[in-house]
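Positions are given from 1, in the same order as the sequence printed here.
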Amino acid sequence: GSGAWKTIHYAIDRVNGGVNGNYILYVAAGDYRTSNDELDAEMILSQSNVTIYGADRTNTKINGNGAEGWSKGLEITGSNNAVKNLSVTGFSGTNEEGIRISGGMTNEVKGCRVYGNNFGIRISESTESKVQGCQIFENSTHGIDVIFSTGTTIVENVIYGNPQYGIRAQCSPEISR
């Protein structure tokens, strides 16, 4: 973007290193990929109470095309986080994932476009995560994969073109139209 923090990796690194508190990251429209100075490394949000807002879900894109060491578009390990209004694409290699929620509680993905990945959104060992109002399509395995998690809510999403399962739940999530 055009602010002081030019890459999402850098912004998340600063937030992860900050004191506990509430953080809001506004992400300008752009194609955030290694050829545009994003690191070719995992992007893990370990801090809690963070909201990441994209300028719009079509033109604010986390893009893994061309990356070798960056296999998950965004991994969330903290609690009470929200990712809103972003596209995540291009994490299409074996076991690569667009968005992963690993552990933590009450994390949310809302209003995002997640497409062209191996797994779209993967939720593992998490409590009360929510996926709402997203377009999740044309990932090469599952659109949403929920494993070893409790209280997951999947609601008001458009999910199509994921050849294995649109939603695979190896636990008991609430799934609504």
Side-chain angles (χ1 to χ4, degrees), residues 1-104 107-124 126 129 131 133-145 161-162:
S2 61
W5 295 350
K6 303 258 185 235
T7 71
I8 301 173
H9 275 88
Y10 183 84
I12 288 177
D13 187 52
R14 298 288 75 76
V15 167
N16 284 341
V19 298
N20 291 337
N22 295 314
Y23 292 88
I24 299 174
L25 292 177
Y26 293 101
V27 182
D31 191 14
Y32 295 88
R33 61 169 69 206
T34 57
S35 62
N36 289 335
D37 297 326
E38 286 293 340
L39 293 176
D40 192 5
E42 298 300 357
M43 185 162 45
I44 301 170
L45 177 61
S46 58
Q47 181 70 268
S48 294
N49 304 307
V50 179
T51 300
I52 301 172
Y53 283 106
D56 73 73
R57 72 179 181 179
T58 302
N59 296 309
T60 309
K61 190 182 304 181
I62 297 173
N63 190 335
N65 288 318
E68 294 178 14
W70 183 14
S71 65
K72 295 171 189 71
L74 176 63
E75 182 171 4
I76 300 168
T77 61
S79 294
N80 304 313
N81 294 307
V83 177
K84 300 180 179 185
N85 227 23
L86 292 170
S87 285
V88 182
T89 190
F91 297 91
S92 57
T94 302
N95 295 320
E96 290 190 352
E97 303 162 1
I99 298 173
R100 181 178 183 110
I101 299 173
S102 301
N107 290 300
E108 177 181 38
V109 179
K110 186 172 184 179
C112 291
R113 294 177 75 226
V114 183
Y115 63 96
N117 304 293
N118 186 34
F119 289 88
I121 298 173
R122 195 167 218 193
I123 300 169
S124 176
S126 182
S129 294
V131 179
C134 294
Q135 295 176 345
I136 303 162
F137 59 97
E138 297 174 6
N139 297 288
S140 56
T141 57
H142 313 307
I144 300 174
D145 188 30
N162 303 286

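- Applying the salt bridge (charged side-chain N to carboxylate O under 4.0 Å, His left out) test to every pair with at least one member in residues 27-37, sequence neighbours left out, gives these pairs: D31-R33.
- The CG atom of N36 sits 11.0 Å away from atom OG1 of T7, with the distance rounded to the nearest 0.5 Å.
- Judged purely by atom type and a 3.5 angstrom limit, T51 has no side-chain atom pairing as donor or acceptor with the backbone of I24.
- Without hydrogens or angle criteria, D40 side chain to T34 main chain gives no donor-acceptor distance under 3.5 Å.
- Across N162, I99, V109, V131, a single residue satisfies side-chain contact (heavy atoms from CB on, under 4.5 Å) together with I144, and that is V131.
- For N65, the side chain to side chain donor-acceptor pair (under 3.5 Å) test picks out N63, with sequence neighbours left out.
- The heavy-atom pair separating I44 from I12 by the smallest distance is O-CG2, 3.5 Å.
- Applying the ring-ring contact (aromatic ring centres under 6.0 Å, His included) definition to pairs two or more places apart or across chains, those involving residues 38-61 are Y26-Y53.
- Under the salt bridge (charged side-chain N to carboxylate O under 4.0 Å, His left out) criterion, no residue pair touches residues 76-91, with sequence neighbours excluded.
- Nearest heavy atom pair, residue Y32 against residue W70, reads O-CH2, 3.8 Å.
- Residues passing the side chain to side chain donor-acceptor pair (under 3.5 Å) test with E108, sequence neighbours excluded: none.
- Annotation: side-chain hydrogen bond (donor to acceptor under 3.5 Å, both in side chains) contacts involving residues 87-96, sequence neighbours excluded, are absent.
- Closest heavy-atom contact between V83 and C112: O-SG, 3.7 Å.
- Residue pairs that meet the salt bridge (charged side-chain N to carboxylate O under 4.0 Å, His left out) test with at least one member in residues 51-67, sequence neighbours left out, do not exist here.
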When the side chains of residues 113-123 are checked against the rest of the protein, which donor-acceptor pairs come out under 3.5 Å, sequence neighbours left out?
from : atom 1 : to   : atom 2 : distance (Å)
R113 : NE     : Q135 : OE1    : 3.1
N117 : OD1    : G90  : N      : 3.3
N117 : OD1    : F91  : N      : 3.0
N117 : ND2    : V88  : O      : 3.1
N117 : ND2    : Y115 : O      : 3.1
N117 : ND2    : N139 : OD1    : 3.2
N118 : OD1    : S140 : OG     : 2.9
R122 : NE     : D145 : OD2    : 2.8
R122 : NH1    : E97  : OE2    : 3.3
R122 : NH2    : D145 : OD2    : 3.0

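- Nearest heavy-atom pair across A55 and A29 is CB-N, 3.5 Å.
- Considering all non-hydrogen atoms of both residues, V15 and Q47 come closest at O-NE2, 3.1 Å.
- E75 places no side-chain N or O within 3.5 Å of a backbone atom of E42 that could act as its donor or acceptor partner.
- Here A41 pairs with L39 under the side-chain contact (heavy atoms from CB on, under 4.5 Å) rule; sequence neighbours left out.
- Between W5 and D13, the closest side-chain pair of non-hydrogen atoms is not below 4.5 Å.
- For E138, there are no side chain to side chain donor-acceptor pair (under 3.5 Å) partners two or more places apart in sequence or in a different chain.
- Remark: S48 engages S79 in a side-chain contact (heavy atoms from CB on, under 4.5 Å) (not counting sequence neighbours).
- A side-chain donor-acceptor contact under 3.5 Å links E38 to the backbone of H9.
- Judged by distance alone, the side chain of N107 and the main-chain N or O of G78 form a donor-acceptor pair under 3.5 Å.
- Evaluation of the side chain to side chain donor-acceptor pair (under 3.5 Å) rule for S46 yields N16 as partners, not counting sequence neighbours.
- The OG1 atom of T77 lies 11.0 Å from the CD1 atom of I101; values are rounded to the nearest 0.5 Å.
- The structure places CD1 of I8 at 7.5 Å from CD1 of I52, a figure rounded to the nearest 0.5 Å.
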